[in-house]
There are 2 protein chains.
Amino acid sequence: MADESLPPWNPYDPDCPTRMMLDRIGDKWTVLVLGLLSAGPLRFNALRRQVPGISQKMLSQTLKDMERDGLVDRSAFATVPVTVEYTITPLGQSLAATVAQLVTWATRHADQVLAARARYQSR
Amino acid sequence: MADESLPPWNPYDPDCPTRMMLDRIGDKWTVLVLGLLSAGPLRFNALRRQVPGISQKMLSQTLKDMERDGLVDRSAFATVPVTVEYTITPLGQSLAATVAQLVTWATRHADQVLAARARYQSR
DNA sequence: GCCATCGGTTACCTCGTGGTGACCAGGGCA
DNA sequence: TGCCCTGGTCACCACGAGGTAACCGATGGC
């Protein structure tokens with residue numbers, strides 16, 4: 001707690017915001033959903049169709065967690081069959097932008113990582 | 001596959017570099033170890049003492065994975081009891097820098113997330 | 001002789017994440 | 001009448017990440 005400018009990695013306790021976010025983006029679906037929603041609002045089943053392999057349960061759970069953390073807004077419309085639209089919040093947008101940098105890093109350095117793996121395997 | 005400039009989130013298959021890195025930084029210890037090593041080389045047990053709560057097994061496994069991916073270099077010295085030093089690579093440094101941005105985001109927006117959670121709970 | 005330290009590996013067990021499939025309501029449609 | 005659409009929830013199950021503890025071999029100190 002001596003220096004507040006740039007906290008020296010303290011995610012040892014579960015209260016830590018860093019640990020919290022790493023768990024969030026480390027899960028299987030959040031980043032995928034965030035990426036899709038950052039392009040525009042989508043309904044539940046539209047989202048479901050655009051994320052191949054996701055189950056109803058996991059999409060529902062992921063969206064609930066994201067809504068809870070203020071990353072997306074949920075709005076239900078009393079239409080013919082009830083329609084629910086999910087919209088990304090400014091907070092969610094800023095997270096998406098940050099995650100995008102990680103994605104950029106990954107795509108840019110993927111070859112180096114794969115090369116390292118090949119080197120390691122044939123040692 | 002039409003646009004290669006900024007791949008549109010394709011981590012549906014395990015080969016995807018993004019999925020690979022998200023899994024890596026989403027695990028419990030890699031980010032912690034990366035943060036410590038980015039400040040300078042450390043020996044196995046020194047690292048172990050500086051990461052509270054980590055077990056010998058997990059530190060060993062984490063370091064092995066990081067070495068495999070070219071994030072750290074391992075050098076053993078035939079000293080009195082064998083000494084092993086772990087050094088971060090330039091690749092590891094660049095990942096650490098990218099992760100640091102995520103950490104910065106988390107610390108900067110933690111209050112907003114916690115506020116959203118409070119709002120959600122008392123709805 | 002005994003114990004600690006170095007850096008690990010191994011067996012075993014627990015617990016959480018995520019997958020599968022059934023079920024819910026109401027209305028449109030053949 | 002029966003089936004599909006909407007957006008979910010719930011019960012059950014499997015797998016893998018991670019924790020715990022024992023053990024390794026060589027050496028130095030008491």
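Since the structure is predicted, the reported quantities are computational estimates derived from the model, not experimental observations. Numbered from 1 within each chain, the chains take letters A, B, ... in sequence-line order.
At whole-Å resolution of the value, CG in A:L63 and C1' in D:dG7 are 11 Å apart. The distance between atom CG of A:L42 and atom C1' of D:dT6, rounded to the nearest whole Å, is 16 Å. Remark: P of C:dG19 and CZ of A:R48 are 12 Å apart, rounded to the nearest angstrom. Between B:R49 atom CZ and C:dC6 atom C1' the separation is 10 Å, expressed in whole Å.
For B:L91 against A:Q112, the heavy-atom pair with the smallest separation is CD1-OE1, 3.4 Å.
Looking at heavy-atom distances under 4.0 Å, A:Y86 makes contact with sugar-phosphate atoms alone, never a base. Residue B:R24 is classed as having no contact, given no heavy-atom separation below 4.0 Å to the nucleic acid. Using a 4.0 Å heavy-atom criterion, one finds that A:R43 contacts the sugar-phosphate atoms exclusively.
A heavy-atom distance below 4.5 Å is found between the side chains of B:M20 and A:V113. Using a 4.5 Å cut-off on side-chain heavy atoms (C-beta onward), A:L32 and A:I54 make no contact.
Counting only heavy atoms from C-beta on, B:P81 has its side chain closest to C:dT5 among C:dT5, C:dG7, C:dG26. Nearest nucleotide to the side chain of A:V80, out of D:dG7, C:dG26, C:dG27: C:dG27.
If you run side-chain contact (heavy atoms from CB on, under 4.5 Å) between A:V33 and each of A:L42, A:L59, A:V72, only A:L59 comes through.
Map A:I54 and B:E85 each onto its nearest nucleotide of DNA chain C; the residue landing nearer the 5' end is B:E85.
Expressed to the nearest 0.5 Å, how far CG of A:L22 lies from CZ of A:R24 amounts to 11.5 Å.
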Give every pair of a protein N or O atom and an N or O atom of nucleotides 9-18 of chain D that lie under 3.5 Å apart, one pair per line with the distance.
{"from": "D:dT9", "atom 1": "OP2", "to": "A:S60", "atom 2": "OG", "distance (Å)": "2.5"}
{"from": "D:dG18", "atom 1": "OP1", "to": "B:K28", "atom 2": "N", "distance (Å)": "2.9"}
{"from": "D:dG18", "atom 1": "N7", "to": "B:K57", "atom 2": "NZ", "distance (Å)": "3.4"}

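The environment of CZ in A:R108 is sparse: at most 12 heavy-atom neighbours from other residues, nucleotides or ligands sit within 6.0 Å.
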